[in-house]
Amino acid sequence: MKDYKDTLNLPKTSFPMRANLPKREPQRLKKWEDARLYERWLDKRKDSGKVFIVHDGPPYSNESIHLGHALNKIVKDFINKYKALKGYYTPFIPGWDNHGMPIENMVVRTDPEISKLLDDPRALKRPEVREKIRIKCRKYAEKWIKVQREEFMRLGVIADWDNYYYTMSSEYESKETELFADIVEKGFVYRGFMPIHWCPHCQTALAMAEIEYKEKISPSLWFILKVKEDKSGVFDGDIGYALVWTTTPWTIISNVALAFNPMFNYAVVEVDGVKYLLAEKLVERNAEELGWTDYKVVKIVKGSTLEGTVFQHPFFERDSVGILGDFVTLEEGTGIVHIAPGHGKEDYEAGKQYGLPIISPVDEMGVFTEEAGELFKGLTTEQASEKVVEVLKERNALLKIDKILHKYPHCWRCKNPLIFRATEQWFLSVDHNNLRQRALKEIEKVEWYPPDTKLRMLYSVAERPDWVLSRQRAWGVNIPALKCKNCGELILDPKVIRHVAKLFAKENSDAWHTHPVEDLVPEGFKCPKCGGNEFEKEMDILDVWFDSGVSSLIILDKPGLPWPSDVYLEGPDQFRGWYNSALMVAMALKGKSPYRVVVTHGWTLDEKGEPMHKSHGNVILPMDVIKHYGADTLRLWVAESNYMQDVRLGEEILKRATESYRKIRNTIRFMLGNLHDFDPTKDQVSLEEMLPVDRYMLHRLEELKAEVDKAYAAYEFYRGYHKIFDFMVVELSSFYLDLLKDRLYTWAKDSKGRRSAQTAIYHILRELLIVLSPLLSFTTDEAWEYLPGPKEEFVFLEDWPAEVPERRDEKLAEDFRRIIEVRDAVLLGIERARNEGILSDRLEARVEIFAADPELRDTLSRYLDQLYEVFIVSQQVELVDMRPQHKVVIDGEGFAVAIEHARGEKCARCWLWHEDIDQDGLCPKCRVALGKA
RNA sequence: AGGGUUAUAGCUCAAUUGGGAGAGCGCCAGACUUAUAAUCUGGAGGUUGUGGGUUCGAUUCCCACUAACGCCCCCA
């Protein structure tokens, strides 16, 4: 038989089947860069009158990016590219957060020069040492901005990579300082006490991350406080004592209260005629500890009734008031916690709530001051503890002293035990000017994705304490506070701050260190209290959350950019972080939320749903994925995942993503291959003239576009992706493109039928590429180059495909839904006929349909000429009047299909069977195609 | 201790107000060699985390538990 293969119109394209993304993507990036894609992308929508801003939350410029960074920037890129297609002007200015502890610690620990200087830990306080540290920190941060910038770019994220913002730039530091002045001016900032972990040896405050918990032997003592005003009559008019346990006797010096849990029952226990109060459930344990052999519980009271009961401080003329706190537990002690707001976090918070005085008579070296009184003045906390025990003994207030081995915080640097010490700090009052209430109202107006995150935000604002703005660190923007040399007054004056901000703009915040104080004070400035004109610099820096919190106010305060931004999109740790600080600052300064929409993504976990840890060996780095699979594979993973929950990544998931990618790529390739001789400006067939199945597919395309648009608009990219993917696999690859092969390959090149198919493919492919471009940016733009017809140079410069109402044809769609139902039965029948040995190839099948349902019969008869193509069988489908009696009959709802072997012979060219095959082995259709009829 | 989120097939995701558990991928089997390191067809695979409750009926509503995550705390 003659070989007619060369006469077929087989697909032809140089769009490679194998993606080779790791190699090809960098070339495309280069191309985008050379073409100044970002600028052109913006220019195109500059005058549209529609702006959409995703304001980038700055990642910390430390280390290479991890998977969470990649997820974050990729989703932002989805949004930006989608919104641009929808006609929005979408500038995206990436940012970095530079100041802060991790970098400072890294420098202090690893830089040989600095480490040497810090052999004496107190050197940290010396200005010239701080200055050195800051210079190294700047260098370090700079280096990582560069690295991360490259890595983010490699993800295919479109952004203003040349004009990024970073919080240590002089411009940023200066503007931030000005904004700080505004906040001070509006009265939000006050000076207050805050107990913090303090190392008496290094004479410095320590952050959580710098604390090591180690075993330590401490005293363990039980002491008593005599009741003074028994308001609720707990002791029935008798003398009674509250029994308290502690491991830090020196803090008793600052005791002002006793805390009870309102939910517990407390027992009054009588021992040798003396009444003691403690938690009911702990009576037995304490009796054992204290060696009470003969005791009885004489009364039980609710913890909640003990509020306001006044006790006598064990050795000072001071009251110790009963207060209530949930934090009191039954794990240890007596269920009564001694409260010294100057020496404990919970103590401090409880104290604040009850308006208790904060007594903190310990200086920087951990030595008691004048305030502690003659007895304790000049003693270290250790010495004071011994003295307290002595005093308690003298006063018969000590029931027992023992030793206990427990975990206690130690300084990571000098390894000495820490103390908790109240220090003076700058605070931002969350309730000044009704800030909290206004913020809560504003939260209601913001759109939260996923929706339940609104509640989370409401909680985190409703419950947040005042914001401690000051930090005792080196690497940050200094708070331009002055101390009057004459009267000691601490001055935070907007005039001074603004003066300093100007200096920062010229240099940077190092100026606070490098300039003498005279340069930092405006001309003629005098101490508001005493009129003095000699000052000292304070060295506290601003909390880094203030740095990033003001970012929108700095970055979006440029011509052409709107404020507030449209979207903030970050991980769930930002409810107490950036979402919160940004809202507070914006509410304080502008009375408005800095974001209209907040989208929160989940954490990235490993395949088993566990967090990635170096020690677990389950860390997957985005750059490794890119090196092996390419950025589009990583993007596909983001696209298919519901990122608003925690997302998982592992070997299998990557393998599936790769396979999905291949399927998409191949389907695109096949469509491109079949357009190789199609010029849409010349060869298009009008909608009316197109074949029904082609029109049906355009109808489906319209539905798909609308669904995807809706999903993207709700930031549910994974929904859109799955719709597109299913469409490509189910409707294109295995249905439509499969059935078109006969028409595309074997019909005459210029035949209406073939051009009709190409017209449909052209529109489907073109619009799919656009719709997919925010997700699979590299691949869609690569394929875009091969697409025939007029087009923008880059797919991202196109518009979102407009709705084409004429393509919508509900009647046609309904018809095809029925036809596809029949098709399913036909496929089943062919499979059975195969098993029966009746045929081996689909094309050997001949189909008869008995439609009992008259409506179906009508439908089928209207499309009778199309059916063999839709079913991919040979020969005209026949409608019969009775249920056929063939060997293979499949019954459907209201119909039955019969499969038998086709009649005649197989055409040598198109492989369809026909009863009229000529001597060359050709069927009539192929004779026409070859011009032989 | 506490308040929050999540839990559907090996993987990624669906299931309109409570009404017959689905898709794709993967796996197994087959077909084709005219998308060929491709394409097509069929099949297996789930007690919807566990246990209760409301209901004629629950993946869906309520309660408890378990697990994972993160928040808070790490204390006297």
Side-chain angles (χ1 to χ4, degrees), chain A residues 4-5 8-11 13 17-18 208 211 213 220 244-248 251 258-259 261 263 325-340 343-347 406-409 420 450 452-453 455-456 459-460 463 571-573 575-576 602-603 605 607-611 636-637 639-642 644-648 650-660 662-663 666-667 669-674 718-719 721-723 725-730 733-735 737-739 741-742 744-746 827-828 830-832 834-835 839-843 872 909-911:
Chain A
Y4 288 103
K5 190 168 173 180
L8 297 173
N9 304 304
L10 292 179
T13 178
M17 179 154 93
R18 294 203 55 192
M208 284 285 249
I211 296 165
Y213 283 86
S220 165
V244 183
W245 176 73
T246 186
T247 55
T248 50
T251 61
L258 297 178
N261 190 314
M263 305 302 288
D326 292 337
F327 56 86
V328 178
T329 67
L330 293 171
E331 279 159 35
E332 299 168 298
T334 64
I336 304 175
V337 176
H338 121 70
I339 297 294
H343 299 307
K345 199 173 162 79
E346 275 166 344
D347 303 44
H406 65 160
K407 298 240 180 204
Y408 190 85
F420 228 61
D452 37 68
T453 55
L455 202 64
R456 202 163 163 182
Y459 278 131
S460 75
E463 290 167 6
D573 49 339
F575 287 100
R576 273 164 212 286
W603 300 95
L605 308 171
E607 205 140 35
K608 285 181 243 147
E610 279 161 30
L636 190 149
W637 166 70
E640 73 170 2
S641 303
N642 178 355
M644 295 192 204
Q645 302 175 4
D646 291 350
V647 288
R648 301 180 177 197
E651 275 312 310
E652 172 162 7
I653 295 168
L654 270 173
K655 220 170 120 191
R656 300 283 155 272
T658 313
E659 276 149 5
S660 300
R662 276 206 214 108
K663 183 74 188 181
N666 251 310
T667 306
R669 180 166 182 267
F670 183 72
M671 289 194 274
L672 283 173
N674 281 296
Y718 64 98
R719 259 178 209 279
Y721 168 79
H722 282 282
K723 296 250 189 233
F725 186 70
D726 284 358
F727 178 76
M728 290 183 91
V729 173
V730 181
S733 185
S734 66
F735 173 70
L737 298 177
D738 198 33
L739 72 83
K741 283 172 190 167
D742 180 64
L744 288 167
Y745 298 172
T746 74
L827 289 177
L828 217 62
I830 289 174
E831 196 61 21
R832 196 175 300 170
R834 244 183 211 156
N835 294 334
L839 42 89
S840 58
D841 187 297
R842 277 188 306 192
L843 292 179
I872 321 186
R909 182 167 173 273
C910 72
W911 299 349

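So you know, we letter chains A, B, ... as the sequences are listed, proteins then strands, and number each from 1. Because the structure is predicted, anything quoted here is derived from the model rather than measured.
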Nearest of rU34(B), rA23(B), rA14(B) to any side-chain atom of Y718(A)?
-> rA14(B)
Indicate yes or no: at least one non-hydrogen side-chain atom of T658(A) is less than 4.5 angstrom from one of R662(A).
-> yes
Sugar-phosphate, base or nothing in reach of E652(A), heavy atoms under 4.0 Å | base
Just checking S660(A): base, sugar-phosphate only, or nothing, at a heavy-atom cut-off of under 4.0 Å?
-> nothing
Find the distance L636(A):CG to rC25(B):C1' and express it as a whole number of Å.
-> 11 Å
Heavy-atom pair with the smallest gap, counting every atom of Y721(A) and A639(A) = CB-O, 3.6 Å
Assign V328(A) to base, sugar-phosphate, or nothing according to its heavy-atom contacts below 4.0 angstrom with the strands shown.
-> base
Residue mapping more 5' on RNA chain B - nearest nucleotide basis, N642(A) or T746(A) = N642(A)
Say you pick atom P in rG22(B) and the same atom in rA64(B); how far apart are they, in whole Å?
-> 32 Å
Whole angstrom value for the distance that separates C1' of rC73(B) from CZ of F420(A) = 12 Å
Sort me out a list of protein N/O and nucleotides 1-8 of chain B N/O pairs below 3.5 Å, or just none if empty.
none

Can you tell which of rC25(B), rA23(B), rA76(B) lies closest to the side chain of H338(A)?
-> rA76(B)
Do N642(A) and V647(A) have side chains that get closer than 4.5 Å, going by heavy atoms?
-> no
Between rU34(B), rC71(B), rU36(B), spot the one nearest the side chain of R669(A), thanks.
-> rU36(B)
Give the dot-bracket string for RNA chain B, reading 5' to 3', where a pair is Watson-Crick or G-U wobble with both distances under 3.5 Å, ( ) marks pairs inside the strand, [ ] marks pairs crossing earlier ones, | marks a partner on another strand, and . marks unpaired.
-> .(.((((..((((.....[..)))).(((((.......))))).....(((((..]....))))))))).).....
Tabulate atom names and distances for all N/O pairs under 3.5 angstrom spanning the protein and nucleotides 67-69 of chain B.
| residue | atom | partner | partner atom | Å |
| --- | --- | --- | --- | --- |
| rA68(B) | O2' | G609(A) | O | 3.1 |
| rC69(B) | O2' | D646(A) | OD2 | 3.2 |

Quick one: side-chain contact (heavy atoms from CB on, under 4.5 Å) partners of P572(A), sequence neighbours excluded?
-> R456(A), F575(A), T600(A), W603(A)
Protein-nucleotide distance (M644(A), atom CE; rG70(B), atom C1'), rounded to Å | 18 Å
For the side chain of R834(A) and the backbone of L839(A), is there at least one donor-acceptor N/O pair under 3.5 Å apart?
-> no
Base, sugar-phosphate, or nothing: which does Y745(A) touch, judged by heavy atoms less than 4.0 Å apart?
-> base
Nearest-angstrom distance, C1' atom, rG43(B) to rU47(B) | 22 Å
Any side-chain heavy-atom pair of K663(A) and V729(A) under 4.5 Å | yes
Expressed in whole Å, how much space separates the C1' atoms belonging to rG10(B) and rG53(B)?
-> 33 Å
Distance between the C1' atoms of rU8(B) and rU59(B), in whole angstroms?
-> 7 Å
Whole-Å C1' distance, rG45(B) and rC11(B) | 13 Å
To the nearest angstrom, how far is Y721(A) atom OH from rA23(B) atom P?
-> 18 Å
Whole-Å distance separating the CZ atom of R656(A) from the P atom of rG26(B) | 7 Å
Provide, to the nearest angstrom, the distance between the CZ atom belonging to F670(A) and the P atom belonging to rA35(B).
-> 6 Å
Please list, pair by pair, any protein nitrogen or oxygen found under 3.5 Å from a nitrogen or oxygen in nucleotides 37-45 of chain B.
| residue | atom | partner | partner atom | Å |
| --- | --- | --- | --- | --- |
| rA37(B) | N1 | R18(A) | NH1 | 2.6 |
| rU39(B) | OP1 | K663(A) | NZ | 3.2 |
| rU39(B) | O3' | S733(A) | OG | 3.4 |
| rU39(B) | O2' | K741(A) | NZ | 3.0 |
| rC40(B) | OP1 | S733(A) | O | 3.2 |
| rC40(B) | OP1 | S733(A) | OG | 2.6 |
| rC40(B) | OP1 | S734(A) | N | 3.0 |
| rC40(B) | OP2 | K663(A) | NZ | 3.2 |
| rC40(B) | O2' | R842(A) | NH1 | 3.1 |
| rU41(B) | O2' | E831(A) | OE1 | 2.6 |

Atom-to-atom span, CG of N835(A) to C1' of rG30(B) - whole angstrom | 8 Å
Just by modelled atom types, is the I830(A) backbone N or O under 3.5 Å from a matching donor or acceptor in the R842(A) side chain?
-> no
Nearest-nucleotide check on RNA chain B, W245(A) vs P572(A); residue mapping nearer the 5' end is P572(A)
Is there a side-chain contact between F670(A) and N666(A) (heavy atoms, below 4.5 Å)?
-> no
Return the minimal non-hydrogen interatomic distance between L737(A) and T667(A), and the atom names on each side.
-> CD1-CG2, 3.8 Å
Considering only the P atoms, how many Å lie between rC13(B) and rG4(B), rounded to the nearest integer?
-> 25 Å
Start with the C-alpha gap between S220(A) and W245(A), add the side-chain angles, then the distance that decides, and say whether side chain to side chain contact (heavy atoms under 4.5 Å, CB included) holds.
-> CA-CA 7 Å; S220(A) 165; W245(A) 176 73; 2.8 Å; yes
Could you give the distance separating rG18(B) and rC74(B) at their C1' atoms, to the nearest angstrom?
-> 45 Å
Give the minimum heavy-atom separation between Y745(A) and P11(A), together with the two atoms involved.
-> CE2-CD, 3.4 Å
If you look at every heavy atom in T746(A) and C910(A), which pair is closest and at what distance?
-> CG2-CB, 3.5 Å
Below 4.5 Å, heavy atoms only, C-beta onward: do I872(A) and K741(A) meet side chain to side chain?
-> no
Are OP1 or OP2 of rA76(B) and a side-chain N or O of T247(A) less than 4.0 angstrom apart?
-> yes
Could you check how far CD of E607(A) sits from P of rG26(B), rounded to whole Å?
-> 16 Å
What's the shortest heavy-atom distance between T248(A) and T251(A), and which atoms?
-> O-OG1, 2.7 Å
Please name all residues satisfying side-chain contact (heavy atoms from CB on, under 4.5 Å) with R656(A), sequence neighbours left out, ordered by chain then number.
-> E652(A), E659(A)
Taking atom C1' in both rC63(B) and rA58(B), what distance in whole Å separates the two?
-> 15 Å
Note: E607(A) and I653(A) closest approach over all heavy atoms is OE2-N, 2.9 Å
For R909(A), which contact category applies under a 4.0 Å heavy-atom criterion: base, sugar-phosphate, or nothing?
-> base
